[in-house]
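Note that the structure is predicted; figures quoted are calculated from it, not measured. Order of appearance sets the numbers: ligands from 1, and atoms from 1 within every ligand.
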Amino acid sequence: MTEPKHLFIPGPTNIPDRVRRAMNLAMEDIRAPDFPELTKPLFRDLKTLFKSETGEIFLFPSSGTGAWEAALTNTLSPGDRVIVASFGQFSMLWAKMCRDLGFETEEWEIPWGETFPLERLEERLAQPDAAGIKAVLVCQNETATGVASDVAGVRRILDAADHPALLMVDGISSIACIEFRMDEWGVDLAIAGSQKGLMLPTGLSVVCASRKALAASETAQCRRSYFDFAWHAGANKDGYFPYTPATQLLRGLRVSLDILAEEGIENVWARHNRLAEGVRRAVRAWGLETCAARPEIASDTVTAVVVPEGIDSADIVRTAYHRYNTSFGVGLSKVAGRVFRIGHLGALDEVKILSGIAAAEIALCDCGVNLQAGSGVGAAIDYYRETAPAALAAAAE
Ligand SMILES: *Cc1c(COP(=O)(O)O)cnc(C)c1O
């Protein structure tokens, strides 16, 4: 009946109407003299979004995974030692990519539900062979488990050890949703993808590279071509690309950046935090737990809900899909069957997320989870009412 389905997966996310309409246009000349009037401000405004003044933006017609490869191959050489903490499907796949590309990969297997282990990094950097570590890879928001990492904390530890490793951050499900400060946190390579916080279709990825990363790219020996920074930089400086850019996505990006700027990025972060907290309260009211082991590390963009023993989380996802036209994320890999995921990132407000909480609740009831109907929705409503932004509350009087 309902078309399209209600989408509460952690990417692709809902696309605002304004963005969708901006992409519905005729093909245009990618070498037109006025094409840079579109592209140059995109580079500028993406830098602002990443909170970087000194970094350089690269835009690729790929999904986020391509930007992982771009960051690695442009700045490292085969055999380089990299550290990657793996605590969910995405950080685990990034580690696999490091092995595929021929890096000496120290994959730290962390229990799923936990976060990047700062103490372990501190200890590792104190070891005699630590000088050989060329990069530390951090997944800021592990989308499989709903866990966030402390990127600023990683920078503090690198600085305290006076260690020159590049800090690479997968921000695909966090940038444009939760706090991210490229320059202040000394991030060397920050990665975003279009279909999450940027509220666009899949197909654009973004890398912001620090001066240090750009310097590393001059001597890095990894083979690269499609994603080569130098090739892109040469064309980008005049507002063009080395090969055909995805023009409709760029037109959509223009509007999504405008929407984020109109709200103000700090307000966007606050909104994600507030909507996420409502979801967490709902989960608690259902008597269930999140996959995130502790409240301090819970992600503001996705919540992985652990289902009771004897229940298959895939059933809940299927029930929501078939009976209620609603998509939730399934449990991936190690947590398949044990968790389902509620995505709460991108173009959402209280009413939309409450409908997602309601859909989860009704599907949980249908699948035999023993909970009081309305308990989760009620807990979220109470929280949203208590924390209604003051200006909105005043306008409603
Ligand atoms: C979605 C996601 C990816 C993969 O991005 P694709 O666009 O699917 O290639 C990588 N890392 C994280 C944290 C993600 O959420």
Side-chain angles (χ1 to χ4, degrees), residues 7-15 50 58-73 82 84-98 100-101 107 110 112-116 136-151 154 167-180 187 189-208 226-227 246 249 252-253 256 272 276 291-292 297-304 327-335 339-346 348:
L7 209 54
F8 293 98
I9 55 173
T13 64
N14 297 286
I15 302 181
F50 282 70
F58 296 94
L59 262 172
F60 301 108
S62 79
S63 83
T65 303
W68 276 352
E69 184 160 334
L72 292 166
T73 57
V82 304
V84 44
S86 140
F87 47 97
Q89 174 83 350
F90 296 94
S91 43
M92 187 172 85
L93 286 175
W94 205 10
K96 173 190 176 291
M97 177 181 277
C98 289
D100 290 348
L101 291 170
E107 179 179 359
I110 311 296
W112 288 28
E114 272 299 335
T115 183
F116 187 97
V136 176
L137 278 56
V138 182
C139 184
Q140 190 190 11
N141 189 81
E142 178 45 82
T143 318
T145 57
V147 164
S149 297
D150 178 4
V151 177
V154 175
L167 172 54
M168 301 194 188
V169 177
D170 173 352
I172 295 175
S173 64
S174 49
I175 289 172
C177 304
I178 64 180
E179 184 177 14
F180 186 82
V187 174
L189 292 133
I191 296 160
S194 53
Q195 79 276 22
K196 312 239 169 133
L198 288 170
M199 308 171 286
L200 290 165
T202 314
L204 265 189
S205 68
V206 192
V207 176
C208 190
Y226 190 77
F227 292 114
L249 290 173
L253 177 61
S256 76
H272 278 83
C291 183
I297 61 172
S299 150
D300 283 343
T301 63
V302 54
T303 297
S327 282
F328 293 109
V330 293
L332 297 170
S333 162
K334 288 188 195 178
V335 289
V339 311
F340 73 98
R341 294 171 301 146
I342 305 175
H344 35 82
L345 70 167
L348 290 175

When you measure from [atom] to every protein heavy atom, which one gives the shortest distance, and what is it?
atom                    : answer
atom 15 (O) of ligand 1 : Thr143 OG1, 2.5 Å
atom 3 (C) of ligand 1  : Phe90 CD2, 3.4 Å
atom 12 (C) of ligand 1 : Asp170 OD2, 3.4 Å
atom 8 (O) of ligand 1  : Gln195 NE2, 3.8 Å
atom 4 (C) of ligand 1  : Thr65 OG1, 3.8 Å

Just wondering, do [Y] and [X] contact through their side chains at under 4.5 Å, heavy atoms?
X      : Y      : answer
Val187 : Phe180 : yes
Val207 : Phe227 : no
Gln140 : Ile178 : yes

As an exercise, identify every atom of ligand 1 less than 4.0 angstrom from a heavy atom of [X].
X      : result
Ser173 : 13 (C), 15 (O)
Ser63  : 6 (P), 7 (O), 9 (O)
Asn141 : 13 (C)

| note | Min over Ile172, Thr301, Val169 of heavy-atom distance to atom 10 (C) of ligand 1 lands on Ile172
| note | CZ of Phe116 to CG of Leu137, rounded to nearest 0.5 Å, is 9.0 Å
| task | Please round to the nearest 0.5 Å and tell me the distance separating atom CG of Leu93 and atom SG of Cys98. | result |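 The distance works out to 11.0 Å.
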| Donor-acceptor contact present, side-chain Arg341 to main-chain Thr303, <3.5 Å |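 A pair under 3.5 Å: no.
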| said: Check the orientation of Trp94 and Trp68. Use parallel for under 30°, tilted for 30 to 60°, and perpendicular for over 60°. | reply: parallel
| remark: Across all chains, not counting sequence neighbours, the ring pair (Phe, Tyr, Trp, His ring centres under 6.0 Å) partners of Phe8 are none
| field | Nitrogen or oxygen atoms of Gly64 and ligand 1 under 3.5 Å apart | value | yes
Record the part of [X] in heavy-atom contact with ligand 1 below 4.0 Å; permitted values are side chain, backbone, both and neither.
X      : answer
Trp68  : side chain
Leu93  : neither
Lys196 : side chain

| request: Could you verify whether a donor N or O on one side chain and an acceptor N or O on the other, from Ser205 and Ser62, lie under 3.5 Å apart? | output: yes
